[in-house]
Amino acid sequence: MMDELLTFSPIDHAMSQFLLARSTLVGEQREQLRSIILRLSAQLGAGDSCIHLSDPERELLMDSGLLNEAGVAPLVMVNRRLYLYRYWAYEKALAQQLKDLVQSDCTIDDVDVLLEKYFPAIGDRTDWQREAARRALSNSLTIITGGPGTGKTTTVVKIVSMLQELAHQNKKRLNIALAAPTGKAAMRLQQSISHSTASLPCESSVRESIPNRVFTIHRMLGAKRYSPYFHHRADNPLPYDLVVVDEASMVDLALMSKLLDALRVGAKLILLGDRNQLASVESGAVLADLIEALPEQTAELQESFRFDAGIKAVSEGVNRQQGAMVWDTLQQGEYSNISLMDSHAVTVVERVYEKSLNYWQLIRDNGSFADIVAAFNQFQCLATNRVGSLGVTELNERIEGRLADAGFIERGEIGRWYRGRPVIVNRNIPELGLFNGDIGITLYDADGNLKVYFEGGGDDSVDASSDDCIATRHFIPSRIVHCETAYAMTVHKSQGSEFDEVLVVFPDVMNPVLTKELIYTAITRAKKGVQLAVSDEIWHATVGQRIERHSGLVEMLIH
């Protein structure tokens with residue numbers, strides 16, 4: 001993030017006051033140190049794990065009394081990078097964990113027959129999925145990246161089957177865990193696995209040994225209530241021979257370090273993700289850093305099988321920052337399923353209302369939960385910002401007002417619990433098995449009481465063997481204290497989700513959140529259609545701005 005775009009929060013000022021009180025500097029040097037600490041705190045909040053220092057700033061820090069030189073101290077300076085001790089420790093630990101994992105790679109002979117069985121030759125054209133599988137058979141760490149629809153999940157299911165088949169040949173059976181950062185992403189992964197497993201070219205014994213449960217990472221590691229630590233760690237490792245993590249771009253520095261720490265010796269790790277999507281909300285851009293630093297462990301799938309020409313062309317143009325070309329294409333209406341629309345709030349709200357009519361008809365008719373969820377997933381309004389004009393908060397209030405005008409809800413219910421209210425969890429609630437990003441629908445139970453229903457079984461692991469993939473759990477609304485209405489949600493919250501159509505709403509003023517990664521992520525949430533409520537000026541400025549996160553992970557991995 002550019003320094004001139006930084007704003008300082010009360011937390012930033014509190015942190016600077018705390019550290020300055022422990023510094024030996026006085027006068028002008030003390031004020032210069034305050035400026036550095038404010039910048040460090042603000043950029044940590046923006047997702048960086050460190051900041052870069054000028055030569056004068058480095059000299060100033062050397063005399064500050066705050067550096068980690070003789071024992072633990074608040075700050076660590078490595079070359080021109082300044083860290084808070086905690087983030088430096090996570091980054092250093094993760095780099096070493098990854099180096100140790102990569103060094104445990106082993107070569108497996110005579111895999112061509114197995115590769116041909118699962119990935120038959122397709123002529124002279126390179127089969128990127130087959131190449132990914134080849135690496136995964138030998139590598140202890142494999143990173144499979146690619147855009148939506150490139151077959152990441154299909155590929156990994158075949159890889160899991162191949163590894164299990166090799167184990168069966170040696171009279172063994174691998175203990176495998178499948179995981180994702182959020183409950184919604186876990187649900188999508190289990191649905192893909194359920195659809196892919198049946199067509200595998202293997203014996204039934206191998207097919208049955210592919211796991212039918214998908215965990216959130218927090219659940220797999222054993223989240224502790226009111227604690228940042230987990231039950232599984234180096235001295236109590238996970239019991240798995242292979243761990244597969246989907247949507248790895250969403251995994252932040254701290255969580256990735258804790259995941260690697262919990263792997264048992266000899267275990268394999270496969271990370272799936274799209275490096276062009278938004279980075280994690282918390283610190284770091286771990287997936288992108290790993291792809292840059294570990295090319296031998298990385299396989300990129302390059303052919304999309306899902307999108308038609310419109311969504312694919314626009315998302316690729318955005319990724320290449322070809323804003324003017326894409327804008328001209330959209331204005332000319334070249335693609336029928338991706339278009340521009342008026343960004344006025346009234347127009348946006350009316351569009352959301354029209355698209356929600358099928359959902360609300362099912363609510364009124366007491367439709368099945370499966371049908372209601374399917375109707376909800378047909379369309380989603382995505383806002384780039386949470387607050388401000390055309391932000392999530394304003395849009396949800398306006399949409400509820402329109403629903404009240406139409407008689408679907410009562411005026412007095414706006415902002416409260418009512419039948420049909422969709423909500424998204426905005427903080428982990430491990431005691432309920434609910435995690436940030438999970439979506440629930442408020443419905444009456446058999447006794448006429450309001451309950452909030454979520455997909456999934458009795459915990460946040462998901463059974464992939466269910467034919468309809470709709471197991472449910474429900475809670476009284478008062479227990480879901482960390483949630484918000486979800487007619488509109490932020491693009492960040494939509495990661496790991498997929499909808500038939502999306503409406504992406506931009507503000508009328510440029511801000512640091514607006515980047516080409518945000519647009520790419522929003523557009524690729526849709527399977528069939530996209531509408532963009534955005535002005536010419538905001539579009540070009542957003543496509544021209546990209547996320548640049550500062551970290552030292554690449555350098556630590558290379559050296």
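- Here the CD1-CD1 distance, from I176 to I270, works out to 8.5 Å after rounding to the nearest 0.5 Å.
- Judged by distance alone, with hydrogens and angles left aside, the side-chain atoms of R264 form no donor-acceptor pair with the main-chain N or O of A262 at under 3.5 Å.
- Under a 3.5 Å cut-off, the side chain of S368 and the backbone N or O of D371 do form a donor-acceptor pair.
- Closest heavy-atom contact between C483 and N426: N-OD1, 3.4 Å.
- Distance check, rounded to the nearest 0.5 Å: CD1 of I547 to CG of N276 gives 11.0 Å.
- Of the possible donor and acceptor atoms, one in the side chain of S104 sits under 3.5 Å from a partner among the backbone N and O of L101.
- No more than 12 heavy atoms of other residues, nucleotides or ligands sit less than 6.0 Å from atom CD of E203.
- Environment of NZ in K172: sparse, with no more than 12 heavy atoms of neighbouring residues, nucleotides or ligands closer than 6.0 Å.
- Although no hydrogens or angles enter the test, the distance criterion places a donor-acceptor pair under 3.5 Å between the side chain of K158 and the main chain of Y118.
- Using cut-offs of 30° and 60° for the angle between ring planes, the W539 and W327 rings count as tilted.
- Checking side-chain atoms of R549 against main-chain N and O of S283 turns up no donor-acceptor pair under 3.5 Å.
- Formation of a donor-acceptor pair under 3.5 Å by the E91 side chain with backbone atoms of L253 is not found in this model.
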### Message
Evaluate L255 against L221 for side chain to side chain contact (heavy atoms under 4.5 Å, CB included), listing each step before the verdict.
### Response
CA-CA 10 Å; L255 184 57; L221 294 177; 4.1 Å; yes

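- No donor-acceptor pair closer than 3.5 Å links the side chain of T153 to the backbone N or O of S192.
- In this structure, CG on L272 lies 7.5 Å from NZ on K152, to the nearest 0.5 angstrom.
- Between the side chain of Q164 and the backbone N or O of L174 there is at least one donor-acceptor pair closer than 3.5 Å.
- Side chain of Q545 to main chain of L514: a donor-acceptor pair is present (N/O by atom type, distance under 3.5 Å, no hydrogens or angles).
- Looking at K268, its side chain does come within 3.5 Å of a backbone N or O of N139 through a donor-acceptor pair.
- The two residues A488 and V392 make their nearest non-hydrogen contact at O-CG1, 3.5 Å.
- Salt-bridge check for K312 with E316: passed, with a basic side-chain N closer than 4.0 Å to an acidic carboxylate O.
- Between E498 and K184, no side-chain nitrogen of the basic residue sits less than 4.0 Å from a carboxylate oxygen of the acidic one, so the salt-bridge criterion is not met.
- Using a cutoff of 4.0 Å between basic side-chain nitrogens and carboxylate oxygens, E292 and R275 are not scored as salt-bridged.
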### Query
Yes or no on side chain to side chain donor-acceptor pair (under 3.5 Å) for Q380 and R525, after CA distance, side-chain angles and deciding distance?
CA-CA 9 Å; Q380 182 62 50; R525 295 313 88 206; over 6 Å; no

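- Atom NZ of K99 is separated from atom CG of L294 by 10.0 Å, given to the nearest 0.5 angstrom.
- Minimum heavy-atom separation, T182 to Q495: OG1-O, 4.5 Å.
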